[in-house]
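Notes to accompany the following structure.
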Amino acid sequence: VSTQSTGDDYERILLVKPVVSVYKIPPRQSARGYRAADWKLELPDWKGRMRIVTRGEDCIIRLEDSNNGKLYGECPIDEWPTATAVEAVTDSSRYFVIRIVDSNTPGHYAFIGVGFSDRVDSFDFNVAIAEHFKSLTRA
């Protein structure tokens with residue numbers, strides 16, 4: 001865990017995963033949830049780095065270019081567990097649907113699929129977010 005000063009608050013890095021795959025996903029077909037099997041898993045639309053950061057009580061998933069750090073998308077997480085910002089797919093422990101927001105246009109967002117090559121990475125992802133929200137209830 002590292003910290004960076006960003007004005008009044010400090011930014012804490014909870015987790016860095018150097019490789020994550022991103023998928024454009026079809027609309028949800030039913031209330032049963034999303035299925036990774038419906039995505040083109042062998043052809044991700046983008047690959048890059050994932051960082052989970054906090055600033056104060058805010059928790060944000062950032063997808064960044066692995067080479068230059070350019071931001072691909074951000075997913076603010078307001079509560080945990082939540083099906084609004086982060087939702088596990090129904091058929092795999094390695095894939096999730098996240099809601100990325102357009103910081104330039106409030107209210108605009110898109111749902112994308114993200115996947116890890118290893119279950120350990122998805123476990124780390126869940127634990128990092130859960131621990132952040134657990135720390136808020138202890139404070």
Side-chain angles (χ1 to χ4, degrees):
V1 176
S2 67
T3 58
Q4 297 176 0
S5 177
T6 57
D8 296 336
D9 292 321
Y10 284 93
E11 185 173 276
R12 279 184 69 210
I13 299 172
L14 301 182
L15 180 73
V16 176
K17 290 297 175 182
V19 180
V20 64
S21 297
V22 171
Y23 304 90
K24 291 179 184 172
I25 58 174
R28 183 195 307 251
Q29 296 300 314
S30 69
R32 288 180 292 158
Y34 292 97
R35 291 173 23 93
D38 296 336
W39 310 347
K40 297 176 181 169
L41 297 179
E42 67 284 351
L43 295 170
D45 293 293
W46 183 84
K47 280 192 173 197
R49 175 177 61 219
M50 173 187 282
R51 286 193 310 145
I52 301 176
V53 300
T54 62
R55 188 178 305 133
E57 294 186 0
D58 297 335
C59 185
I60 303 163
I61 299 169
R62 289 192 182 139
L63 302 174
E64 303 166 336
D65 185 284
S66 298
N67 298 318
N68 60 23
K70 183 177 178 191
L71 184 67
Y72 176 83
E74 284 190 326
C75 173
I77 306 170
D78 300 327
E79 60 181 326
W80 188 260
T82 175
T84 307
V86 178
E87 182 179 348
V89 299
T90 59
D91 61 339
S92 175
S93 63
R94 296 183 300 128
Y95 297 92
F96 300 85
V97 173
I98 66 171
R99 183 182 65 183
I100 56 171
V101 298
D102 182 348
S103 58
N104 297 323
T105 313
H108 285 143
Y109 57 87
F111 291 98
I112 61 171
V114 296
F116 302 98
S117 60
D118 193 330
R119 284 189 189 102
V120 173
D121 292 332
S122 62
F123 177 79
D124 293 346
F125 171 78
N126 276 313
V127 169
I129 297 168
E131 285 297 316
H132 166 71
F133 284 97
K134 195 181 296 183
S135 74
L136 295 180
T137 59
R138 284 183 255 161

Can any side-chain N or O of Arg51 pair as donor or acceptor with the backbone N or O of Val16 at less than 3.5 Å?
-> no
Treating Ile, Leu, Val, Met, Phe, Trp and Tyr as nodes and any side-chain heavy-atom pair under 4.5 angstrom as an edge, say whether Leu136 and Val86 lie in one connected cluster.
-> yes
Measuring from Glu87:CD to Arg99:CZ, what's the distance to the nearest 0.5 Å?
-> 11.5 Å
State the CG-NZ distance between Asp65 and Lys47, to the nearest 0.5 angstrom.
-> 13.5 Å
Point-to-point distance, once rounded to the nearest 0.5 Å, from CZ of Phe111 to CD1 of Ile98 | 10.5 Å
Looking only at heavy atoms, what is the nearest atom pair of Ser66 and Pro18, with distance?
-> OG-O, 3.5 Å
Inter-residue atom distance Ile129.CD1 - Ile77.CD1, 0.5 Å rounding | 3.5 Å
With distance as the sole test, does Arg62 use its side chain to make a donor-acceptor pair with the main-chain N or O of Glu74 at under 3.5 Å?
-> no
More than 12 foreign heavy atoms under 6.0 Å from CZ of Phe133: is that the case here?
-> yes
Give the ring-plane orientation class for Phe96 versus Phe125, where under 30° counts as parallel, over 60° as perpendicular and anything between as tilted.
-> tilted
Would you find a donor on one side and an acceptor on the other, under 3.5 Å apart, between the side chain of Ser122 and the backbone of Ser93?
-> yes
Validation row: Tyr34, Pro26 side chains within 4.5 angstrom (heavy atoms) = no
What pair of heavy atoms forms the shortest contact from Pro76 to Val101, and how long is it?
-> CD-CG2, 3.6 Å
Work out which heavy atom in Leu14 is nearest to a heavy atom in Ala128; give both atom names and the distance.
-> CD1-O, 3.7 Å
To the nearest 0.5 Å, atom CG of Asp58 lies from atom CZ of Arg12 at 13.5 Å
Least distance between heavy atoms, Ser21 atom then Pro44 atom | CB-CB, 3.8 Å
Nearest-0.5 Å distance, CD of residue Glu131 to CG of residue Asp124 = 11.5 Å
Between Tyr23 (side chain) and Leu41 (backbone), is there a donor-acceptor pair under 3.5 Å?
-> yes
Nearest heavy-atom neighbours spanning Lys17 and Asp121 = NZ-OD1, 2.8 Å
Which of these passes side-chain contact (heavy atoms from CB on, under 4.5 Å) with Ile25: Val97, Val89, Asp45?
-> Val97
4.5 Å side-chain heavy-atom contact, Ile112 and Leu63 = yes
Charged N to carboxylate O below 4.0 Å: is that the case for Arg35 and Asp38?
-> yes
Closest approach of Phe116 to Met50 (non-hydrogen atoms, all atoms of both residues) = CZ-SD, 3.8 Å
